[in-house]
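Lettering follows sequence order; numbering is per chain, from 1.
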There are 2 protein chains.
Amino acid sequence: MNIKYINIYNEMAAEIEKGELIPRSKLPSENELMQRYDVSRDTIRKALDLLAKNGYIQKIKGKGSIVLDINKFDFPVSGLVSFKELAQKMEKKPETVLVTLQLIKPDEMLAEQLHVSKNDEVWKVIRVRKIENENIILDKDFINKKIVPTLTEEICLDSIYEHIENTLGLQISFAKKEITVEKATKEDKKHLDLDSCNMVVVVKNYVYLSDATLFQYTESRHRTDKFRFVDFARRSY
Amino acid sequence: MNIKYINIYNEMAAEIEKGELIPRSKLPSENELMQRYDVSRDTIRKALDLLAKNGYIQKIKGKGSIVLDINKFDFPVSGLVSFKELAQKMEKKPETVLVTLQLIKPDEMLAEQLHVSKNDEVWKVIRVRKIENENIILDKDFINKKIVPTLTEEICLDSIYEHIENTLGLQISFAKKEITVEKATKEDKKHLDLDSCNMVVVVKNYVYLSDATLFQYTESRHRTDKFRFVDFARRSY
DNA sequence: CAGTGGTCTAGACCACGGT
DNA sequence: CCGTGGTCTAGACCACTGA
């Protein structure tokens, strides 16, 4: 990227994560940062706004910006502590099993959820996520075939997102999530190692590209004891 | 507020919510909006950035901004569908029962969570939220007495937040949330109408003021069947 | 090509905190 | 009082879209 304020953001975010900028200490003032990076104040402000939005710093009028303690925060990063991150934190190797990969005609409900007609084709991908040989998460993905024409077993076992962004050059832009707790279905019981309680946490995810087209609907069904969602939220009028 | 871009944001957000700006249609261009509101482009862009951040619109380079369908989105607003909002959507009268209101000395864990010393005093507030005569949510609040010196039964039954913002003039700025599913404790069973499963959704909330001081730790324990969390998330580098 | 949004600049004035 | 961040302006150039 050749965008100055994003470069500055990334540099400063890295410094905070590495602990080079000490939590609770003051950041250099905007004027100082202007000189240090040799950019205009507006550019510095854009970088600082990004840092603030993502929970790295807090700006206080008349005083300055202070570094927040991201470790005490148990860092949110992406909102959802995804399967990969979860596995990394537990220092265990994640494993993915592909259960289903097929093209289907959507039923009425799915057609509405994906904003496609009943005659369009949709990829249906079902994967089981394992940690320490236990089946923890059941991922059900539905992807508009018009947007992603081909999908292979390798892509599904690796990362569908990477394929979309890197190979197809599409930009994932925003998503709407919904989290509920539901009774486990027969499908859940079949694929997951559930405890006696038979409840699952269901994360429904509608994912949009940068041109606002909906391209994927995902349902992620988690074992309750392994589920954790962390969120950093700023007030916004 | 006398801040132009926030006024413009509020006006446009209201138009979208009322349906005066039609979903999937194009917004006027930034140039047009500059003239319409008689402000600079930067001001318009700040308003549009806020709209984008909160899921009202999507900006597309080279094309324009389009209005997103917030109804299809089942609108997130504040992230967490709080007790009040939940009750409003169900068109039922919410009811709050105050179980505990006292000053305590924090134990080690709480002292760390609230960043206070063991000799400081902390308000402990426990409330039960009822809908249709069922006990749905158990709210446990711990508030730094240094920041909120007085707390009465009336305030707890109304809204602690309103008291803090309106009466004390403090600004709530950001929060960190964590959502997990846990086995119900004796306290949960005592106060909530649980089903056979005895699980609760636990929402832990660390709330900060605009000067980055932590002033409240809240634990909200929900009956699983009445819990729902909605989130709109934009990608941010 | 013209129009759009994205980035960047330089300068102005304000409200706030602390001296 | 000065230094801080917050708001606002005017103008410039770029990359992208679509005719």
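Taking the six-membered ring for Trp, A:Phe215 and A:Tyr208 have ring centres at least 6.0 Å apart.
Considering only side-chain N and O atoms, B:Thr43 lies nowhere under 4.0 angstrom from the phosphate OP1 or OP2 of D:dT7. Taking only side-chain nitrogens and oxygens, A:Ser29 comes nearer than 4.0 Å to OP1 or OP2 of D:dT4. Between B:Tyr5 and D:dC8 there is no side-chain N or O to OP1 or OP2 distance below 4.0 Å.
For B:Ile44 and D:dT9, the CD1 to C1' distance is 13 Å, given to the nearest whole Å. Atoms CG (A:Leu50) and P (C:dC8) sit 12 Å apart, rounded to a whole Å. A:Ile8 has its CD1 atom 13 Å from the P atom of C:dT7, to the nearest Å. Residue B:Glu30 contributes atom CD, which lies 15 Å from atom P of D:dA10 at whole-angstrom precision. When the P atom of D:dT9 is taken as reference, atom CG of B:Asn31 falls 14 Å away, rounded to whole Å. Protein atom CG of A:Leu48 is 13 Å distant from nucleotide atom P of D:dT4, rounded to whole Å. One interatomic measurement links the two molecules: CD of B:Gln58 to C1' of C:dG6, which rounds to 14 Å at whole-angstrom precision. When rounded to the nearest whole Å, the span between CE of A:Met34 and C1' of D:dG5 equals 13 Å.
Considering only side-chain atoms of B:Arg45, the nucleotide from D:dT7, C:dC8, C:dG5 that sits closest is C:dG5. When distances are taken from the side chain of B:Lys4 to each of D:dG6, D:dT9, C:dT4, the shortest belongs to D:dT9. Side-chain atoms of B:Lys46 lie closest to D:dT7 of the nucleotides D:dG5, D:dT7, C:dT4. Closest to the A:Val39 side chain, of the nucleotides C:dT9, D:dG5, D:dC8, is C:dT9.
Between A:Gly64 and A:Asp42, it is A:Gly64 whose nearest contact on DNA chain D lies nearer the 5' terminus.
When each of B:Arg45, B:Lys46, B:Arg36 is paired with B:Glu30, the salt bridge (charged side-chain N to carboxylate O under 4.0 Å, His left out) condition holds for B:Arg45 and for no other.
Legend: residues meeting side-chain hydrogen bond (donor to acceptor under 3.5 Å, both in side chains) with B:Lys146, ordered by chain and number and at least two apart, are B:Asp120. Shown here are the side-chain contact (heavy atoms from CB on, under 4.5 Å) partners of A:Ser25, two or more places apart in sequence or in another chain: A:Ile22, A:Val67. Residues that satisfy the side-chain contact (heavy atoms from CB on, under 4.5 Å) test with A:Lys124, not counting sequence neighbours, are A:Gln102, A:Ile104, A:Ile126, A:Phe142. For the side-chain contact (heavy atoms from CB on, under 4.5 Å) test, residues two or more places apart in sequence or in another chain that qualify with A:Asp141 are A:Val125, A:Arg127, A:Asp139, A:Gln216, A:Thr218. Remark: B:Glu15 engages no residue in a salt bridge (Lys or Arg N to Asp or Glu O under 4.0 Å) (not counting sequence neighbours).
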Show the distances under 3.5 angstrom between N or O atoms of the protein and N or O atoms of nucleotides 11-17 of chain D.
unit_1 : atom_1 : unit_2  : atom_2 : d
D:dA12 : N6     : B:Arg41 : NH1    : 3.4

